Amino acid sequence: MRNSMRTLRTGLTLVLMLAAISCGGGDSSGGGSSGTTAAAGNVVSVIVDGGPTATSGAINTLYTTVTICVPGSTTQCQTIDHVQVDTQSEGFRVLGSVLSLTLSVNKATDGNALAECTVFGDGYSWGPIASADIQVGGESASSVPIQVIGDANFQSVPDSCSSQNPTSEDTVATFGANGILGIGVFAQDCGAGCDVAAQNFYYYSCPTSTTCALLTAPTTIQVANPVTLFATDNNGTIIDLPAVSSPGATTVTGSLIFGIDTESNNASGSQTVLALNGAGNFTTVFDGTSYGDSIIDSGSNGIFFNDSNITQCTSATGFYCPATTENFSATLTSTNGVSVTESFSVANAETLTSDDPTFTALPDLGGTFTSDAAGFDWGLPFFFGRRVAFAIEGLNTSVGTGPYTAF
Amino acid sequence: MLKPPIRCLNHMIFAFNLSVVPLWSSMAHAALGGPEAAVVAEARQLNASVKSIEHVGYRVQEIQLPSGTVMREFADAQGTVFAVAWSGPAMPNLRQALGSYFDVYVNAPKDKHMGHSHLEIRQNDLVVQSSGHMRGGFHGRAYLPEAVPAGTALDEIR
């Protein structure tokens, strides 16, 4: 009885204090109509450019435009440009300062407000979870759990969140985008692990917006990959970008295609199909070492790998700065017996960015990786000049069952 | 990915220690720049298993965290921790692992946005490399360049 009383009172508190996500009133996007005179079909345009603001200075960062609506509404919608396209995360996230809609905060399993500490390799993004209808190109999904990063009502970041990877990325400037569209190979951003206390470092229950504590979250309430919730074209994605000549280009435009083998424009061909393991990774063999946590990541802006023989930059920390362009090759291998060798080049990152500051697409950008012989990251340069498909876990295409990457 | 139930208990203890700052900050600093002995004591408190590995010029305390992530703390001949490295499904608690260098890391200028999978800072007193993502795992290391023992290659810090 006491428990149910407490639940009721908590529920009232929730309604009073946390019922809505604050509106940042960002002007980068138009609210109002249902937006998109969306190109029909399963394609949305993507672009590599300098980013959401004049001072973003983005390099090799892939963006698209996403429209979100209050669930069920065709009028309370907002179209958001410069949403980063990320093949190594799942779900849609928008910066609170950009959001002009009023969305209701979703509930954790205990009835309190649900919030998340999204941990990236480079930092964390904190904010509540809400549901929204999502339109990308001609595809749409209803009541998708999304995250509002840096929401004005949730400014108190739990210590257990900021202690993980302590660089806060809760503003457009620090995040480098107005939002992010995670189209990785999983249906949710965490999965079954977050329903187990020992594995949940991400989902929080918030009795008030300043007293959030870790609480397990079943997959049904986690931030969801919107692709899996489309009515059709929901088994994966293809990113199609043109080749970029060295040293670079001012902008690059291409396509994000939804579905694999579901329409005439997304048929599997004779490309290499690289099966991914349960963590979405494969193995790269480089210079005699096997890197078992390799990824192909549209959200990384270079080829990141460990080679202590290459000169590192002095000002562009984390990137390589060889005196002359160096050429490499590495072999991508997978549990399905596939093995394919790819070549890549690494030029001087500081020269690349200073010789023509208008360039935002740099095919020869390479960076360092910690030396634990585990990770090799094929970032956006890998995508230039080809179609790269990502099949979602457990879903079928004509050439296999996800998770796989094909190119 | 699911762990036996005993792991849950371990993690609850672990999380409690992390969230109640005074509890652990009152202990000896088991962290970068601090004494190696505190690492072992603290790991025991966290119910984490510890394995000691001798190398030429330094010793590694390998700590299996309840999350499944492995953290390695590198101590020189005097028993001072000069590097930490981590690898596994979740980030370790860097506030704890970096100790007094945590704030140095937080406040370090991050001049080039490298995308969301990587971060590197490189200062005279501290180098941190961090990579990863939520479904695929995290890797990283932090070390004190001026404290790395002579003859120890940086590639050994992993």
Side-chain angles (χ1 to χ4, degrees), chain A residues 57-61 86 88-90 118-123 158-160 163-167 169 176 180 184 186 189-193 196-199 201-202 214 278-281 293 295 297 299-302 304 306 308 315-319 367-375 377 379, chain B residues 1-3 5 7-12 14-15 18-21 66-68 85-87 89-96 98 102-103 105-106 108-123 129-141 153-158:
Chain A
I59 299 288
N60 285 350
T61 308
D86 183 16
Q88 288 298 332
S89 69
E90 283 75 20
T118 306
V119 179
F120 294 100
D122 65 333
D159 188 67
S160 57
S163 293
Q164 295 189 58
N165 208 357
T167 305
E169 301 186 298
I180 191 166
F186 299 104
D189 68 347
C190 181
V196 178
Q199 302 290 319
F201 303 96
Y202 310 115
L214 283 162
N281 300 332
D293 283 351
I295 57 173
D297 182 16
S300 292
N301 65 356
F304 291 94
N306 179 47
S308 51
S315 68
T317 307
F319 291 95
T368 62
F369 207 112
T370 188
S371 59
D372 68 355
D377 178 0
Chain B
M1 294 300 286
L2 299 183
K3 298 290 179 185
R7 295 281 191 193
C8 302
L9 180 62
N10 285 351
H11 179 62
M12 288 167 69
F14 182 57
L18 302 189
S19 58
V20 184
V21 175
S67 66
W86 59 90
S87 183
M91 285 292 296
N93 184 306
L94 287 187
R95 187 186 299 276
Q96 204 165 30
L98 300 189
F102 181 80
D103 287 338
Y105 179 38
V106 170
K110 283 93 181 178
D111 44 12
K112 283 280 179 188
H113 208 268
M114 303 168 73
H116 291 291
S117 290
H118 303 278
L119 182 70
E120 177 164 332
I121 69 125
R122 188 170 291 275
Q123 300 186 163
Q129 291 176 291
S130 173
S131 298
H133 52 281
M134 276 171 55
R135 296 294 296 245
F138 294 89
H139 309 277
R141 62 176 178 172
L154 293 179
D155 274 355
E156 294 175 46
I157 302 172
R158 64 191 210 186

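Here is how names work: the chains are called A, B, and so on, in the same order as the sequence lines, proteins then strands, and each is numbered from 1. As the structure is a prediction and not an experimental result, all values here were calculated from the model.
Interface check for chain A: of the options B:G136, B:G132, B:G140, the most heavy-atom pairs under 4.5 Å are formed by B:G136. By number of non-hydrogen pairs under 4.5 angstrom with chain A, the leading residue of B:M134, B:R141, B:R122, B:M91 is B:M134.
Of the atoms belonging to A:S89, not a single heavy atom falls under 4.5 Å from chain B. Interface remark: A:Y202 contributes side-chain atoms only to the contact with chain B (heavy atom separation under 4.5 Å). Heavy-atom distances place both the backbone and the side chain of A:D189 under 4.5 Å from chain B. Proximity to chain A is absent for every atom of B:L98, based on heavy atoms less than 4.5 angstrom apart. Both the backbone and the side chain of A:N165 come within contact range of chain B, each with at least one heavy atom under 4.5 Å from a heavy atom of that chain.
For the residue pair B:E120 and A:T368, a side-chain donor N or O sits within less than 3.5 Å of a side-chain acceptor on the partner. In this structure, a donor-acceptor pair under 3.5 Å is absent between the side chains of A:D86 and B:H116.
Of the possible polar contacts, one joining the A:N60 side chain to the A:N301 backbone as a donor-acceptor pair under 3.5 Å is found. Side chain of A:Q164 to backbone of A:F201: a donor-acceptor contact under 3.5 angstrom is found.
Residues satisfying the side-chain hydrogen bond (donor to acceptor under 3.5 Å, both in side chains) criterion with B:R158, sequence neighbours excluded, are absent altogether.
By the 30° and 60° cut-offs, the orientation of the rings of B:H118 relative to A:F369 is perpendicular.
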